[in-house]
There are 2 protein chains.
Amino acid sequence: MGSCLAERLSHYLELTENEHAALDGIEAQQRHCKRGTILRREQDRARELFVVRSGWLQSHVVLGDGSRQIMRFFFPGDIIGLSSLALDHSPETIVTVSDASVAAFNREKLCDIFENHPRLAALIFTVTMAERVSISDRLASIGRTSARARVASILCEIFARNRVMLKGELSELQLPLTQEDLGDATGLTAVHVNRMMRGLMDDGLIARSGNKVRLVDEKRLASEANFIDRYATIDTSWLPPAR
Amino acid sequence: MGSCLAERLSHYLELTENEHAALDGIEAQQRHCKRGTILRREQDRARELFVVRSGWLQSHVVLGDGSRQIMRFFFPGDIIGLSSLALDHSPETIVTVSDASVAAFNREKLCDIFENHPRLAALIFTVTMAERVSISDRLASIGRTSARARVASILCEIFARNRVMLKGELSELQLPLTQEDLGDATGLTAVHVNRMMRGLMDDGLIARSGNKVRLVDEKRLASEANFIDRYATIDTSWLPPAR
DNA sequence: CGACCCCTTGATTAGCCTCAACAACCGTGG
DNA sequence: CCACGGTTGTTGAGGCTAATCAAGGGGTCG
């Protein structure tokens, strides 16, 4: 019943009691959602943020011609909706990819953190900067690498990010994503994702059974994908002292 | 001789004297660079940030096969290097695209802002969130739109972002970018960028003479590009009070 | 003036998309 | 229990977009 956000941030820094107290209020309202629930639509007025407590989500936009681009997947511990802080209408649609539970909190809470807990604010800032790097990595992947490398890269990212919260080993994972989801995240069609995954299987880089995927040769997979794990550690040395 | 960062932030919010004072120290060391100067290499140890005072810059990565992806262009008033706050080695190379002058400041300064100027910290946070949205827009552009739309989109973005500082009218702009730069930013080859620009010219959407580009029919250009200006206004209503 | 960079255009190739058909696997209701 | 529709995965054939390869032109700088 602790805060998921606190748990996530604790991976990078030991929080003080004061800081814990500030985060405790955040996840008061928890909400359980079935797979496919739309938490927010593009252009919705967005005044609240979410912390993922369990399950996976994604955010996407739909372009003029009906095609969809998935911007990002979200896993337990992730904060959703920071990007709509700057805009008062949401730039993207947010949907659950599996059954999930999220905790909503509003901007005022974040405001309070900036005002009274500078170290916490700076830490959140830093974590979102790591996210930004990871989005940029995806940009390079989509812009400059082959279909095969893109699929390899999204798999690496999913595994790497899930490791942060699960800590330790993780070579097999139940993917609640369809191949169309993977395609919309990598800028490919579902058909082509299918072919690429078959290729990765045939070459012994991954293995599948049902929805489960196992990274058989993660080193080679990461190397083909040009993948770098941005989440393993983050630098907190510059943060102000805790208050 | 005021702070460029202060000027940029003032576009979104009226800064107090205290806040101005905090920003004044930032741009003490100014540095003039010729076009093509590398300010930072991928993997460099990065302890400082930059504010652009004049000129344009870009950040990019080079992939295993030698291809280059430009992550972002930077214009006067932009902060460079925030993404390396989280990592102690730079994820990208930073280069001047034209002659430019930048002011370097170090993390301690930012730390001070978080500690003593919560409103300023929150504002910087908000601006970087707007940037994140803009990066996501590029992701969708590269992932899901045609070459023509991508070129249209990068042009729209360049104009929109330059308008923030220049304020007011801006329909013609001297681009210090080569077509290869545009290609590396949009995930295309220089050759294909050339053809797309010709197409946009022939259809009367843009006009060129030398390096100058003019948006003739910006509305149609933006619509073809699926472009949305994320910088025009940003929401500052949630910020804590100034201190 | 030559070397280099950048732009431009044409011809050909390759990677990924589209369309299509079918199989496997659900949850639902009869 | 099975029949059913709906969704997802799989595979093949063919087409289109953008890459590649190639050649030439203009501009600029030493």
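Letters A, B, ... are given to chains in the order of the sequence lines, protein chains preceding strands, and every chain is numbered from 1.
- Note on Gly187(A): only backbone sugar-phosphate atoms sit closer than 4.0 angstrom, heavy atoms only; bases stay farther off.
- Put simply, CG on Asp99(A) and NE2 on His32(A) are 11.0 Å apart, with the number rounded to the nearest 0.5 Å.
- Rounding to whole angstrom units, CG of residue Asp181(A) and C1' of dG9(D) are separated by 13 Å.
- Gln179(B) has a side-chain polar atom (N or O) that falls below the 4.0 Å cut-off from OP1 or OP2 of dT8(C).
- Regarding Asn211(A), its CG atom lies at a distance of 11 Å from the P atom of dT8(D), rounded to whole Å.
- Base engagement by Arg195(A) is indicated by at least one non-hydrogen atom pair under 4.0 Å involving a base atom.
- Each of dC16(C), dA18(D), dT18(C) was ranked by its minimum atom distance to the side chain of His192(A); first place goes to dC16(C).
- The separation between Asp65(B) atom CG and dG15(C) atom C1' is 15 Å, rounded to whole Å.
- Taking the ring axis of Tyr231(B) as reference, the NZ or CZ atom of Arg161(B) stays within 45° of it and closer than 6.0 Å to the ring centre.
- Regarding Glu180(A), its CD atom lies at a distance of 9 Å from the P atom of dG9(D), rounded to whole Å.
- Put simply, OG1 on Thr96(B) and NZ on Lys34(B) are 9.5 Å apart, with the number rounded to the nearest 0.5 Å.
- Across all strands, Arg35(A) comes closer than 4.0 Å only to sugar-phosphate atoms, never to a base (heavy-atom distances).
- In Glu48(B), the CD atom is crowded: over 12 heavy atoms of neighbouring residues, nucleotides or ligands sit closer than 6.0 Å.
- For dT11(D), the OP1/OP2 oxygens have a side-chain nitrogen or oxygen of Arg198(A) closer than 4.0 Å.
- Along DNA chain D, the nucleotide nearest Thr189(B) and the nucleotide nearest Arg208(A) are compared for position; the residue whose nucleotide lies closer to the 5' end is Arg208(A).
- Following rounding to the nearest Å, Asp99(A) (CG) and dG27(C) (C1') show an atom-to-atom distance of 14 Å.
- At dT10(D), one or more side-chain N or O atoms of Asn194(A) fall inside 4.0 Å of OP1 or OP2 (strictly under the cut-off).
- Between the NZ atom of Lys34(A) and the P atom of dG27(C) there is a distance of 11 Å, rounded to whole Å.
- Separating the CZ atom of Arg148(B) from the P atom of dC16(D) is a distance of 19 Å, rounded to the nearest angstrom.
- Both Thr145(B) and Leu177(A) lie close to DNA chain D; mapped to their nearest nucleotides by heavy-atom distance, the more 5′-ward contact belongs to Leu177(A).
- Straight-line distance from the CG atom of Asp184(A) to the P atom of dT8(D): 12 Å, rounded to whole Å.
- Surrounding CD of Glu169(B) are at most 12 heavy atoms belonging to other residues, nucleotides or ligands under 6.0 Å away.
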